[in-house]
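Letters A, B, ... are given to chains in the order of the sequence lines, protein chains preceding strands, and every chain is numbered from 1.
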Amino acid sequence: MAVVKLFGAWLSPYVYKVIWALKLKGIPYEYIEEDLSNKSPLLLQYNPIHKKVPVLVHDGKPIYESTVILRYIDEIWPQNPLLPANPYDRAVALFWIKFADDKNPIIAKLYRTEGEEQQAVVKEWLEMLEAMEEHALIGGKKFFGGDEINMVDIAFCMVAHWLGVFEDTAGLKVFEPHKFPQVSSWIQNFKSVPIIKDNLPDTDKIVAYLKRRKEMLLTSKSN
Amino acid sequence: MAGELVLLDFWPSPFGMRSRIALAEKGIPYEYREEDLRNKSDLLLQMNPVHKKIPVLIHNGKPVCESVIQVQYIDEVWHDKAPLIPSDPYQRAVARFWVDFVDKKIYDLGSKIWKTKGEEQANAKKEFIECLKLLEGELGDKTYFGGESLGYVDVALVPFYTWFYAYEKCGDFSIEAECPKMIAWVKRCMQKESVAKSLPDQEKVYEFVLQLKKLFGIE
């Protein structure tokens, strides 16, 4: 049987996307925790261009970029499909996945920016939430995938879990549930799915870590 | 199967060019509609309400947005002719990675080259060339990124060639001098009718860039 290895980091939402996909399909894998401040030679060998996690190694072959990994997993292990079968519906799903993927690196800056820069990030967050509320979650669906979660739900993981983390770290409230009722319902539904609920990083632990990291970044900026 | 196909586009857009090439490769007839981006049509705003951007591919009245998704969609629906995306899942993952790389790097760095000056421009040029060299490494000795025939990465990357002359003039450097393999690959792509007829002239794009610079007050 082919071996599946996942190089990850405990606080990365991109890594959790892959963990959820592997667990949803029941694929056994070996997890290797990376210290991102001291990356292993193996990781750098597998992902020389971006040098990042997650990296999936299947049969000795590396795949990286979380969405590329998810699509590979979905194609190799077709049980519990994560994308619609119909080409048009798949194109729509891929649109929302790309939308989330393009926003994620920007919105992740919420906890480590200040002033005008932070306001610009808040604006991006609100645009994302508005688009989800007005265009993506139409029809009052339980999940983007319908009755079961799919790759689109997984792609919006930052909204589901890390937004709260960033808000706590920054001491800022961005998400007002009454303004985004559909998104609010979706977050609750998503986090109730057993595989998601049982595989989320501890909020207090990440907030403590990010607060320390934010201090370090701000100190080094002022020096 | 063909149904009604409309492409909402803007002639210098490298993203629009991707879909034009994919449709031409497969010999699919469609209606090309030029958008005035300072005065976007109601149809565009209706079909792409989230981004309000071109290109939009409208198939039987239903919109497909984002050029990389359009190319994949075209490849899936018209799968019997000139396949662009590899059939092997691992090769597919590799191709998707490189298309994602082109999307993340080439457009933004190229934009910085014509929009900025001094150190910012110098850094953009350096990184741009580094990215092209990485792509040259991936190409290796192959005729195309797709092997013997045009593939997903070729279609995603070759449109940016139409902006190279503008980058070179604004940045005062030669891309061919730094990346000869890349230019050799471009020339092979340009020999294909589907590519040649889908891409505008580099000089025309440069004139367009000069107009943009005037408009934005960039020297």
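Scanning for salt bridge (Lys or Arg N to Asp or Glu O under 4.0 Å) contacts around A:K123 gives A:E127, with sequence neighbours left out.
Remark: B:D36 CG is packed, more than 12 non-hydrogen atoms of other residues, nucleotides or ligands lying under 6.0 Å away. Around CG of A:D35, the count of heavy atoms belonging to other residues, nucleotides or ligands within 6.0 Å exceeds 12. Counting non-hydrogen atoms of other residues, nucleotides and ligands closer than 6.0 Å to CD of A:E148 gives a total of 12 or fewer. Within 6.0 Å of CD in B:E31 there are more than 12 heavy atoms belonging to other residues, nucleotides or ligands. For B:K53, the NZ atom sits in a loose shell: 12 or fewer heavy atoms of surrounding residues, nucleotides or ligands are nearer than 6.0 Å.
Neither the backbone nor the side chain of A:I69 comes within less than 4.5 Å of any heavy atom in chain B. Of the two parts of A:L94, the backbone and the side chain both hold a non-hydrogen atom closer than 4.5 Å to a non-hydrogen atom of chain B. Heavy-atom distances place both the backbone and the side chain of A:Y64 under 4.5 Å from chain B. With a 4.5 angstrom heavy-atom cutoff, A:K61 touches chain B via backbone and side-chain atoms both.
Between A:H58 and B:Y90, the distance from one ring center to the other does not fall under 6.0 angstrom.
Residue-level contacts of residues 92-106 of chain B with chain A, in order of numbering, are B:R92, B:A93, B:R96, B:F97, B:W98, B:D100, B:F101, B:D103, B:K104; threshold 4.5 Å between heavy atoms.
The two residues A:A91 and B:I69 have their closest heavy-atom pair at O-CG2, 3.6 Å. Shortest non-hydrogen contact noted between B:P63 and A:Y88 is O-OH, 2.6 Å.
Chain B forms the most heavy-atom pairs under 4.5 Å with one residue out of A:I49, A:I63, A:I76, A:V92, and that residue is A:I49.
Taking NZ of A:K98 as the reference point, atom SG of B:C65 lies at 11.5 Å (rounded to 0.5 Å).
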